[in-house]
Amino acid sequence: MSTADGATSWRRSPGGLVTALAPVMRAYDGAWVGWTGSPDDAPAPFSTDDMDLVAVPMSAEEIALYYEGFSNATLWPLYHDVIVQPEYHREWWDAYRAVNRRFAVAAASVAAQNAVVFIQDYQLQLVPQLLRELRPDLKIGFFLHIPFPPTELFAQLPWRRQILEGLLGADLVGFQRAGAASNFESLAETFTSAVLRDDALVLEDGREVLARAFPISIQVEEVARLAEDPEVQQRAATIREEVGSPQHILLGVDRLDYTKGIGHRFKAFGELLAEGSVTPDEAVLVQVATPSRERVEAYQTLRDEIELQVGRINGDYGRIGHPAVHYLHSSYDRTELVALLLAADVMVVTPLRDGMNLVAKEYVSARSDLRGALVLSEFAGAADELGDGAFLVNPHDIDGLKRTMLTAMRLDPAEAEQRMKLLRDHVTSHDVSRWATEILTALRAI
Ligand code: ADP
């Protein structure tokens, strides 16, 4: 973006992928090949924030067809259980192929001989194969940050074989959950000539591809350090006062995305208020809903629905100066975010489907005071790791969600402490640097 004096400064894009990978890139000293976020923008390679960046340009039309279209209105809903109907357009697919090719060419031109290239996420699934054709010397890893769907859903995709073959260009394909890796293996066996033998997919030319789960994490230290900062703790105390010092602050922090189950959360909370199970004086729900993909239609509809729900609940149960739901549609810096995590008694993470959910791990990392409770959807990747200490829920089961939210609010401090210890034992010993070491070691060992 341009600053007031006409110079250029860089702002990192929101979401889990960049949060997880920035520290890894700094530690490994590699080049990050990516899109700047604006149309037709291709500055020469540059360094910022301790990272070497190589920009790949994209036109406004490609952003519409490749990014908003095929990536976010075809693949994203298809890979997230078809919560919203995916759209299949041949023009979008053509743009997806063209942009993937451009990324492959860019990576091929900056990678050293025999280098490791690590490709990230659903927008670039054709790059492994394209890059291998250009540079057979490279070691190629791929990581999918979002879920990988079962055959029944993936089979809808008109270009299912091409996507699978694209991914099979990698030596190692990493997923968040073991179930996703086995979905990929059985799809590859069904729709390509690959055969599963001794845990590896064997291709016609004899090359082997490994598919495995590597659950991603966060930089635990960064969140923990902020949470120990007296100013941040003071800010958390101020937030509690500002929302009226209720007994229970429930918190949701999500991109405003239909996968996140924000509406289910509001429905449950609204019903708890309606029945009098909690009063607006006892409990408030703070919902940070980060603006996201605002040019995609499904996101505009979602925003309207969510804001209608907030208005209804506040209209029915709020009083002057005391809304029942504090709804914040904006981005925050890390300090304010951690202050919110510290202010919350119950963190409510209720996605209908989520690759991992880093916010759940951030909450745990912030709570060295061993207080607070985590309500976590079983449909988030994080449920595989945090099931012992969190309260797992099926967000579609509104009665179950209500019961679980109440249990979490009424949790006895000794049990809260015990649960938070279990959560912290796992998260603090599995941070993103461990993830990076494990996946890159597995890749190098091939
Ligand atoms: P996703 O990758 O689908 O957005 P995750 O929960 O895995 O979901 O990651 C979201 C990341 O974005 C977290 O690191 C979280 O702290 C951050 N984040 C979410 N909302 C905001 C916000 N309003 N301001 C700043 N950072 C945010």
Side-chain angles (χ1 to χ4, degrees), residues 11-24 71-72 75-77 79-81 83-84 120-123 143-147 175-177 214-227 232 235 239 251-262 265 286-294 296 298-299 302-303 306 326-344 347-367 374-377 379-386 390 395 427 430-432 435:
R11 189 178 54 208
R12 79 188 211 184
S13 83
L17 188 150
V18 178
T19 310
L21 280 170
V24 177
S71 299
N72 288 331
L75 294 172
W76 179 270
Y79 285 27
H80 287 87
D81 288 0
I83 298 166
V84 157
Q120 309 298 319
D121 227 1
Y122 61 102
Q123 302 91 343
F143 186 74
L144 187 72
H145 291 251
I146 69 173
F175 297 91
Q176 301 280 25
R177 304 180 93 159
F214 295 88
I216 203 166
S217 191
I218 56 163
Q219 209 183 359
V220 175
E221 209 15 66
E222 180 235 8
V223 178
R225 201 172 353 99
L226 283 171
V232 177
R235 175 66 193 141
I239 291 171
L251 175 68
V253 176
D254 311 83
R255 274 183 311 98
L256 186 47
D257 194 297
Y258 49 78
T259 60
K260 300 289 186 183
I262 301 170
R265 197 177 307 163
V286 177
Q287 177 65 53
V288 176
T290 318
S292 183
R293 305 177 190 167
E294 292 177 285
V296 179
Y299 289 74
L302 173 78
R303 183 172 176 192
I306 291 294
H326 294 257
Y327 170 78
L328 306 158
H329 183 248
S330 60
S331 267
Y332 290 96
D333 62 26
R334 304 289 292 164
T335 314
E336 182 72 359
L337 218 55
V338 173
L340 279 163
L341 298 176
L342 281 179
M347 186 77 212
V348 199
V349 180
T350 56
L352 309 179
R353 182 58 73 191
D354 206 335
M356 175 51 62
N357 199 283
L358 297 181
V359 171
K361 293 185 171 181
E362 287 168 351
Y363 182 63
V364 172
S365 309
R367 300 315 302 237
L374 174 64
V375 172
L376 178 62
S377 165
F379 302 116
D384 285 349
E385 298 169 87
L386 306 183
V427 174
H430 291 78
D431 80 344
V432 70
W435 169 83

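Atom set for the values below is all heavy atoms of this structure, side chains included, hydrogens, waters and symmetry mates excluded. First listed ligand is number 1; within each ligand, the first listed atom is number 1.
Side-chain contact between Glu362 and Arg334 is present, with at least one heavy-atom pair separated by less than 4.5 Å. Here the side chains of Leu358 and Ile216 are in contact, with some heavy-atom distance below 4.5 Å. Under the 4.5 Å side-chain criterion, counting only non-hydrogen atoms from C-beta, Lys361 is not in contact with Val220.
Only the side chain of Lys260 comes within 4.0 Å of ligand 1, judged by heavy-atom distances. Contacts between Val288 and ligand 1 below 4.0 angstrom, taking non-hydrogen atoms only, involve the side chain exclusively. At a heavy-atom cutoff of 4.0 Å, ligand 1 is contacted by no atom of Thr259, backbone or side chain. Contact annotation: for His145 versus ligand 1, there are no heavy atoms closer than 4.0 Å. Neither the backbone nor the side chain of Ile218 has any atom closer than 4.0 Å to an atom of ligand 1 (non-hydrogen atoms only). With a 4.0 Å cut-off on non-hydrogen atoms, Ser330 touches ligand 1 through its backbone and not its side chain.
Looking at Gln287 and Asp254, their side chains do bring a donor and an acceptor atom within 3.5 Å of each other.
Close approach of ligand 1 to Thr290 (heavy-atom distance below 4.0 Å) involves ligand atoms 19 (C), 20 (N), 21 (C), 22 (C), 23 (N). Of all the atoms in ligand 1, the ones that sit under 4.0 Å from a non-hydrogen atom of Val253 are 19 (C), 20 (N). Near Ser331, meaning under 4.0 Å from any of its heavy atoms, are these atoms of ligand 1: 22 (C), 23 (N), 24 (N). Near Glu362, meaning under 4.0 Å from any of its heavy atoms, are these atoms of ligand 1: 13 (C), 14 (O), 15 (C), 16 (O). Taking every non-hydrogen atom of Asn357 and a distance limit under 4.0 Å, the qualifying atoms of ligand 1 come out as 6 (O), 7 (O).
None of Asp121, Thr259, Leu75 except one satisfies the side chain to side chain contact (heavy atoms under 4.5 Å, CB included) rule with Ile146; the exception is Asp121. Tested against Pro147 for a side chain to side chain contact (heavy atoms under 4.5 Å, CB included), the candidates Met356, Arg353, Arg177 yield a single pass: Arg353.
Ring centers of Tyr299 and Trp76: at least 6.0 Å apart, outside the cut-off.
The shortest N or O to N or O distance between Leu358 and ligand 1 is under 3.5 Å. Ligand 1 has an N or O atom lying under 3.5 Å from an N or O atom of Arg255, backbone or side chain. Among the atoms of Trp76, none of the N or O lies under 3.5 angstrom from an N or O of ligand 1. Checked against a 3.5 angstrom limit, the closest N/O atoms of Asp254 and ligand 1 fall outside it.
Using a 4.0 angstrom heavy-atom cutoff, Met356 does not count as in contact with ligand 1. Ligand 1 lies less than 4.0 angstrom from a heavy atom belonging to Arg334.
A donor-acceptor distance shorter than 3.5 angstrom exists from the side chain of Thr350 to the backbone of Gly261, with no hydrogens or angles considered.
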Exercise. Could you go through the side-chain contact (heavy atoms from CB on, under 4.5 Å) check for Val349 and Tyr363 one step at a time?
Key: CA-CA 10 Å; Val349 180; Tyr363 182 63; over 6 Å; no
Practice problem: Could you check Asp384 against Gln176 for side-chain contact (heavy atoms from CB on, under 4.5 Å), going step by step and ending with a plain yes or no? | Solution: CA-CA 10 Å; Asp384 285 349; Gln176 301 280 25; over 6 Å; no
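In this structure, Arg225 has no salt bridge (Lys or Arg N to Asp or Glu O under 4.0 Å) partners at least two apart in sequence or on a different chain.
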